[in-house]
Each structure stands twice: as C-alpha cells, then as structure tokens.
Amino acid sequence: MSSDRGPSAGAARGPSTRAGRGSSTGPARGLLFIISAPSGAGKTTLAEQLALQTPPLKLSRSYTSRPARPGEIDGVDYNFVSRERFEAMAAAGEFLEWADVFGNLYGTRAADTNALLEAGCDVVLVIDVQGARKVRQRGLDTTAIFVMPPSFEALEHRLRGRSKDSEAAIQRRLQVAREEVASFVEYDFVVVNDDVSAAVERLRSIVLAERARLRSMRHAAETIVRMFS
Ligand code: ADP
Ligand code: 5GP
C-alpha cells in the first residue's frame with residue numbers, strides 16, 4: 001500500500017491525513033480501491049455485486065474509445081467516446097490514469113473519482129495492471145486487489161460463455177492473461193474468483209477491514225476518547 005504523501009493527480013489529490021470516518025466537518029473522504037484481473041476473470045461481475053452489497057461504495061465509470069458491445073449502455077457501463085475526444089482529454093491532463101488495452105484506450109477521469117471520494121463514497125477503479133501501476137506511481141493511498149480465475153481453462157470458458165467478443169479477441173485476451181496473472185505480486189490482496197458469492201464475500205471483508213483501519217477511524221475514535229476526559 002502506498003502513502004498519501006507523494007505527488008498526486010491534480011483533481012484526485014487526497015488529503016495528507018484523513019479526517020476519519022464520520023467527521024463533524026462533513027463526510028470523511030472515501031477510500032480508493034483498485035480491482036484488476038485478466039479480462040473474463042469476472043471482475044465486473046464481482047465489483048458490481050460488491051458495490052450493491054457494500055454502500056457507500058461506488059464503481060468509477062471509465063472512459064473508453066472501444067465501441068460498445070451489444071447490451072452495453074453509454075454512461076452506464078462506460079462513457080464511450082471517440083479516440084479523438086479521448087486523446088484530447090488525455091492531452092488536457094483530465095485522466096488520473098489511462099492505458100491502451102487491446103488497442104483501445106481506457107481511462108479514469110480524475111474529477112469524477114475525486115467528486116465521489118469528496119462526497120464520502122469509497123470508490124473502486126476496475127482497471128488493468130498498467131492503470132493500477134500509474135495510480136500507484138502517483139503516490140495515492142490505495143488498496144489494490146488482484147482477482148484471479150481459478151484456472152486457465154475457467155478463464156477460457158468464461159470468455160467464451162460471455163460471447164461478447166470475436167474468436168480473435170478471445171485469443172488476444174487469453175494471450176495477455178498469460179502475462180497479466182504474474183502481476184498479482186504488485187497488489188495488496190488476491191481474491192480467487194472460484195464462486196461468485198464467496199469471492200464477493202472476500203472482497204467485502206477487505207473493504208470492511210480497510211474501513212476499520214486506524215487511519216480511517218482516527219476521527220471517530222478521537223471523538224469517543226474525548227468523552228472519557
Ligand atoms: P471481466 O469483467 O473480468 O472481463 P466478467 O465479469 O464480464 O469479467 O465475467 C466474464 C464471464 O464470466 C461472465 O459471463 C460472467 O457471468 C462469468 N463469471 C464471472 N464470475 C464467475 C464465476 N465465479 N463462475 C462462473 N462464471 C463466472
Ligand atoms: P473490457 O473491454 O473487457 O471492458 O475491458 C478491457 C480491460 O480494460 C479490462 O482489463 C479493464 O479492467 C480495463 N479497463 C477498463 N476501464 C479502464 C480504465 O479506466 N483504465 C484502465 N487502465 N483500464 C481499464
């Protein structure tokens with residue numbers, strides 16, 4: 001886990017110390033989580049369940065130059081933009097991080113993430129390993145979780161079962177997955193997505209533990225301590 005004190009992205013800059021949850025001066029700044037996994041491992045499925053079951057936790061909505069898949073909705077699954085618009089946003093420094101994944105551009109808009117954190121929501125960035133590295137390089141305080149499929153065969157089965165990608169795209173995703181799985185060592189936690197409910201429960205445990213950390217609870221604990229004096 002990295003500290004808050006290093007250089008940070010303009011709009012996503014965090015305070016050097018957290019006020020603590022339940023601050024009397026307004027909502028405490030939320031916690032920033034990263035979930036990465038090879039494509040098809042189930043991170044979107046898990047992250048959506050986690051958000052539903054663990055309020056006030058929200059998923060960040062990324063920008064992408066990738067065309068929408070059947071059933072995907074602009075402004076819900078992603079903010080779908082042209083490559084030109086994405087590149088202009090990147091040039092203007094609007095992204096906390098962005099990366100080229102499978103030939104398409106994906107990015108997290110710093111102002112979006114910051115607004116959620118400032119409102120007291122915990123935020124999950126569902127981003128690839130390159131993006132996770134960039135967020136860490138900014139020195140932001142994050143909890144990074146790597147989700148693994150239980151096996152290569154399970155990943156292949158899930159990619160095919162999702163039936164949203166061409167055979168060529170599936171082969172490319174499997175090839176990238178072979179390299180990506182080794183990146184688990186860069187993360188704070190590893191969750192194997194064998195069973196959806198069990199994996200969501202593990203993710204929830206991580207979020208709840210991070211919420212109970214001293215740095216998150218300092219203000220609330222100090223308020224209680226004052227009652228004893
Ligand atoms: P990702 O966001 O990592 O690309 P998805 O969440 O889209 O992956 O999941 C890929 C496919 O695998 C989906 O069809 C999803 O329903 C399925 N899936 C997710 N988790 C599991 C699991 N634990 N067991 C079986 N299938 C799963
Ligand atoms: P997909 O096209 O399957 O939705 O996503 C492909 C990959 O892009 C996934 O690994 C996903 O996590 C990643 N991704 C989605 N949004 C972002 C983002 O904002 N930044 C980065 N770096 N990766 C992203």
Side-chain angles (χ1 to χ4, degrees), residues 9 12 32-52 59-74 76-81 86 89-90 94-113 116 123-138 140 142 144-166 168-170 172-181 183-184 186-187 191-203:
L32 187 59
F33 293 87
I34 294 174
I35 296 182
S36 300
S39 181
K43 61 190 170 299
T44 309
T45 307
L46 299 185
E48 284 174 357
Q49 286 291 321
L50 176 68
L52 282 175
L59 304 186
S60 162
R61 188 181 311 113
S62 297
Y63 285 73
T64 183
S65 69
R66 163 168 85 60
R69 295 188 186 117
E72 285 184 332
I73 299 169
D74 183 28
V76 176
D77 299 286
Y78 282 103
N79 294 306
F80 293 100
V81 294
F86 191 107
M89 290 174 73
E94 287 190 42
F95 290 120
L96 170 61
E97 62 73 35
W98 66 272
D100 184 324
V101 189
F102 308 119
N104 292 306
L105 308 179
Y106 295 80
T108 306
R109 190 163 167 261
D112 296 352
T113 306
L116 288 170
V123 178
V124 178
L125 311 181
V126 184
I127 59 177
D128 83 320
V129 295
Q130 309 170 70
R133 280 181 198 134
K134 287 181 191 166
V135 175
R136 274 195 301 271
Q137 281 163 11
R138 286 184 180 276
L140 291 176
T142 63
I145 306 166
F146 195 82
V147 170
M148 298 188 105
S151 66
F152 182 83
E153 288 70 28
L155 182 66
E156 184 168 13
H157 187 73
R158 286 177 196 175
L159 277 170
R160 290 190 195 290
R162 188 165 67 178
S163 59
K164 286 182 175 169
D165 299 295
S166 65
I170 289 173
R172 200 159 71 244
R173 282 162 198 264
L174 286 171
Q175 190 52 41
V176 170
R178 287 193 171 92
E179 295 150 26
E180 272 183 346
V181 282
S183 309
F184 77 91
E186 299 172 26
Y187 288 71
V191 168
V192 176
N193 179 18
D194 40 11
D195 171 80
V196 171
S197 307
V200 170
E201 208 40 46
R202 287 173 209 134
L203 291 173

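Order of listing sets the numbers, starting from 1, for every ligand and every atom in it. From a predicted model like this one, the values you see are computed outputs, not experimental measurements. Positions are given from 1 along the sequence.
With ligand atoms numbered from 1 in the order given, ligand 2 contributes 22 (N) to contacts under 4.0 Å with heavy atoms of G131. Per-residue contacts place S39 under 4.0 angstrom from the following atoms of ligand 2 (heavy atoms of the residue considered): 3 (O). Close approach to K43 involves these atoms of ligand 1, each under 4.0 Å from a residue heavy atom: 1 (P), 2 (O), 3 (O), 4 (O), 6 (O), 8 (O). Within ligand 1, the atoms closer than 4.0 Å to a non-hydrogen atom of P38 are 3 (O), numbered from 1 in the order shown. Every atom of ligand 1 is numbered from 1 in the order shown, and the set under 4.0 Å from a heavy atom of V196 is 20 (N), 21 (C), 22 (C), 23 (N). Near A99, with a cut-off below 4.0 Å to any heavy atom, the atoms of ligand 2 are 22 (N). Listed by number with element, the atoms of ligand 1 under 4.0 Å from a non-hydrogen atom of S39 are 4 (O). Within ligand 2, counting atoms from 1 as listed, the ones closer than 4.0 Å to a heavy atom of R66 are 1 (P), 2 (O), 4 (O).
Protein heavy atom at the shortest distance from atom 5 (O) of ligand 2 is Y78 OH, 3.4 Å. Distance from atom 6 (C) of ligand 2 to its nearest protein heavy atom, with residue and atom name: Y106 OH, 3.6 Å. Nearest to atom 10 (C) of ligand 1 among the protein's heavy atoms is G40 O, 3.6 Å. Among all non-hydrogen protein atoms, the one lying nearest atom 11 (C) of ligand 2 is K43 CE, 3.8 Å. Remark: minimum distance from atom 20 (N) of ligand 1 to any protein heavy atom is reached at N193 ND2, 3.0 Å. Counting only heavy atoms of the protein, atom 7 (C) of ligand 2 lies nearest to V101 CG1, 3.7 Å. Nearest protein neighbour of atom 7 (O) of ligand 1, counting heavy atoms only, is R162 NH1, 3.0 Å. Remark: minimum distance from atom 2 (O) of ligand 1 to any protein heavy atom is reached at T44 OG1, 2.3 Å. Looking only at protein heavy atoms, the nearest one to atom 19 (O) of ligand 2 is S62 OG, 2.7 Å. Among all non-hydrogen protein atoms, the one lying nearest atom 23 (N) of ligand 2 is D128 N, 3.2 Å.
Considering both main-chain and side-chain atoms, R69 comes within under 3.5 Å of ligand 2 through a nitrogen or oxygen pair. An N or O contact shorter than 3.5 Å links G42 to ligand 1 by distance. Between W98 and ligand 2, a contact under 3.5 Å exists for no N or O pair. The distance criterion of under 3.5 Å between nitrogen or oxygen atoms is not met by F102 with respect to ligand 2. Polar contact check, R162 against ligand 2: no nitrogen or oxygen pair lies under 3.5 Å apart. For the pair G161 and ligand 1, the shortest N or O to N or O distance does not fall below 3.5 Å.
In this structure, A47 falls outside the shell of residues with a heavy atom less than 4.0 angstrom from ligand 1. Residue contacts with ligand 1 do not include A37, since none of its heavy atoms lies under 4.0 Å from the ligand.
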Please walk me through it: do D112 and Y63 pass side chain to side chain contact (heavy atoms under 4.5 Å, CB included)?
CA-CA 11 Å; D112 296 352; Y63 285 73; 3.5 Å; yes
Let's go through L174 and F152 carefully: what are the C-alpha distance in whole Å and the side-chain angles of both, what is the deciding distance for side chain to side chain contact (heavy atoms under 4.5 Å, CB included) to 0.1 Å, and is it a yes or a no?
CA-CA 8 Å; L174 286 171; F152 182 83; 4.0 Å; yes
With side chain to side chain contact (heavy atoms under 4.5 Å, CB included) as the criterion, how do T142 and L125 come out once you've worked through the C-alpha distance, each side chain's angles and the decisive distance to 0.1 Å?
CA-CA 10 Å; T142 63; L125 311 181; over 6 Å; no
Apply side chain to side chain contact (heavy atoms under 4.5 Å, CB included) to the pair R133 and S183, showing each step before the final yes or no.
CA-CA 10 Å; R133 280 181 198 134; S183 309; 3.7 Å; yes
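If you look at R173 next to ligand 2, the close heavy atoms, those under 4.0 Å, all belong to the side chain. Counting heavy atoms under 4.0 Å from ligand 2, residue E97 touches it through the side chain alone. Contacts between A154 and ligand 1, counted as non-hydrogen atom pairs separated by less than 4.0 Å, are absent for every part of the residue. Counting heavy atoms under 4.0 Å from ligand 2, residue T108 touches it through both backbone and side chain. At a heavy-atom distance under 4.0 Å, no atom of Y63 approaches ligand 2. Under 4.0 Å from ligand 2, not a single heavy atom of K134 appears.
Contact detail for A47 and V126: the closest heavy-atom pair is CB-CG2, 3.8 Å. Annotation for A144 and R136: closest pair CB-NH1, 4.0 Å, computed over non-hydrogen atoms. Scanning all heavy atoms of the two residues, the minimum distance from S36 to K43 falls at C-CD, 4.2 Å. Across E180 and A37, no two heavy atoms sit closer than the pair OE1-O, 4.1 Å. For V196 against L46, the heavy-atom pair with the smallest separation is O-CD2, 3.9 Å.
Of the listed options D194, V192, T45, T45 places a heavy atom closest to atom 15 (C) of ligand 1. For atom 17 (C) of ligand 1, the candidate residues are R173, E48, R158; the nearest heavy-atom contact is made by R158.
Side chain of S65 to main chain of N104: no donor-acceptor pair is present (N/O by atom type, distance under 3.5 Å, no hydrogens or angles). The backbone N or O of V124 sits nowhere less than 3.5 Å from a side-chain atom of S60 that would complete a donor-acceptor pair. Panel note: side chain Q130, backbone D100; a donor-acceptor pair is recorded below 3.5 Å. A donor-acceptor distance shorter than 3.5 angstrom exists from the side chain of N193 to the backbone of A41, with no hydrogens or angles considered. Side-chain N or O atoms of R202 include one that pairs as donor or acceptor with a backbone N or O of V192 at under 3.5 Å.
Considering only heavy atoms from C-beta on, E72 comes within 4.5 Å of F80 through its side chain. Side-chain contact between S39 and L159 is present, with at least one heavy-atom pair separated by less than 4.5 Å. Within the 4.5 Å cutoff, no side-chain heavy atoms of Y106 are placed close to those of I127.
No donor-acceptor contact under 3.5 angstrom links the side chains of Q175 and R172, judged on distance only.
Classified by interplanar angle (parallel below 30°, tilted 30° to 60°, perpendicular above 60°), the ring pair F146/F184 is tilted.
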